[in-house]
Peer 1: 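Dropping the structure in here first, questions after.
Order of appearance sets the numbers: ligands from 1, and atoms from 1 within every ligand. Predicted, not measured: the structure shown is a model, and the values here were computed from it. We number each residue from 1, following the sequence as shown.
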Amino acid sequence: MHSQRLIQFVAITAITSSVFANPVPPREPIDNLPRGAPLVTDEVLLLDAPAFQTGEGGEWTASVRMFTHIRQVQSKIISKAVTTAIEALGIEIGDKVSNVLERSKLFFAIPRGGISVDLDVAGCGSASMRVGETSKMGLLERSAGIGACSGSSSVRSISGYAPGFFKGRSFEALIFQSPPSGFGIVSDVDDTIKVSHVLDKKKNMQAIFVDDHEVVNGMPEFYSKLDGELGNPAWFYLTGSPYQLYPSLRKFIFEAYPKGPIITKNLTVTDIPSIFQNLSDEDIFGNYKVTQLEKLRRFYPKKKFITIGDSTQADPEAYAEFARRYPDSIQCIFIRKVEDADNREERFREAFVEVPESKWKVFTEPSEITELDVASGQCS
Ligand SMILES: *[C@@H]1O[C@H](CO)[C@@H](O)[C@H](O)[C@H]1NC(C)=O
Ligand SMILES: *[C@@H]1O[C@H](CO)[C@@H](O)[C@H](O)[C@H]1NC(C)=O
């Protein structure tokens, strides 16, 4: 009976979407299903989590995030609606239909709130812990104690499972455990390490949904060198992209760059046009990035951060603001100049006002920064 309602809902949504001009009904969470552990019809997107030390007793805490939604009904109508909407922007899909379907899938997922999941972290003393519940929109972000973990720096697997009847259905992710001190590298994604054409809406949509993801030349080498020279640094990818794009970003980053948790934005999607609108909104991310950097600094209070971004949006402004607030927490700031962005000297001078010039560097080619001795504080 529920499933019939569901299919009907999905169908109405998809049909309205394909009209495009009309907003589809909001992706209302379905409220009449039981709360508690996930049902067979539910899906859990468990994100990789940073873990940090809390207290003196060797206790660790992980910043757990997840999205619970109703298992995708693989409807031809939805596929048609998405491809139509993308082609309406004048973008050729060609033989990349599978990219489009894979990457748009979560935008069409119907949130399922009130779900709690039990998590087990490999090699950390405590028994499984229950985190939850997810919000009405299926989201959860929570600091959860994971017990006394051995060592101070490692990558562990975390598995979530539904207790009781559905025990055995599990959801896997990684926990990145790192000590309070040492180096932390915070990297933007779009146009910093991945070719995204943020400044051109059509090309941007094509890069997000259609084309195979592509690295920014020279950046994998630079990151690999930093990873080797900074003594097991903690990597964080801080992106303005919403969590719906997390699976494809993770696959891309993990293949080309040092692994680390990826911090995405919450985005509540109401209709297809709003997806495109929100994804290409020009810098609204400045404050979001400062807030997220402050959170990382609370997790790792003695770390020195290297922040890396580009000139398309507000990375210079956000990173500079963080550096002004916490001068002792910043090792170096690197900004990649992207063609057609605001690359005026005055923009950077203004952004970095009161930040020592020796701390930041704007570059065009990664080769300009690859030789720097970042560990010793040489940033330019
Ligand atoms: C995202 O949503 C979760 C759950 O509602 C919330 O706890 C978290 O603070 C939100 N994150 C941001 C960056 O707004
Ligand atoms: C997304 O875009 C819509 C307009 O299309 C706007 O009302 C909404 O606030 C935006 N949401 C976010 C999270 O930026």
Peer 1: May I ask whether M137 has any heavy atom positioned less than 4.0 angstrom from an atom of ligand 1?
Peer 2: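 Not so, M137 does not reach ligand 1.
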Peer 1: Please walk me through it: do L372 and F334 pass side-chain contact (heavy atoms from CB on, under 4.5 Å)?
Peer 2: CA-CA 11 Å; L372 297 172; F334 297 113; 3.7 Å; yes
Peer 1: For ligand 1, which part of N266 has a heavy atom less than 4.0 Å away: the side chain, the backbone, both, or neither?
Peer 2: side chain
Peer 1: More than 12 foreign heavy atoms under 6.0 Å from CD of E346: is that the case here?
Peer 2: yes
Peer 1: Which residue is it: D188, I193, I263, D48? I am looking for the one with a side chain to side chain contact (heavy atoms under 4.5 Å, CB included) to Y237.
Peer 2: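 That would be I193.
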Peer 1: Which distance, rounded to the nearest 0.5 Å, do you find between the CZ of R103 and the CD1 of I208?
Peer 2: 9.5 Å
Peer 1: Could you list which atoms of ligand 1 come closer than 4.0 Å to a heavy atom of Q292?
Peer 2: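 Those atoms are 13 (C).
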Peer 1: Among all protein heavy atoms, pick out the one at the shortest distance from atom 7 (O) of ligand 1; state its residue, atom name and that distance to 0.1 Å.
Peer 2: E141 CB, 3.7 Å
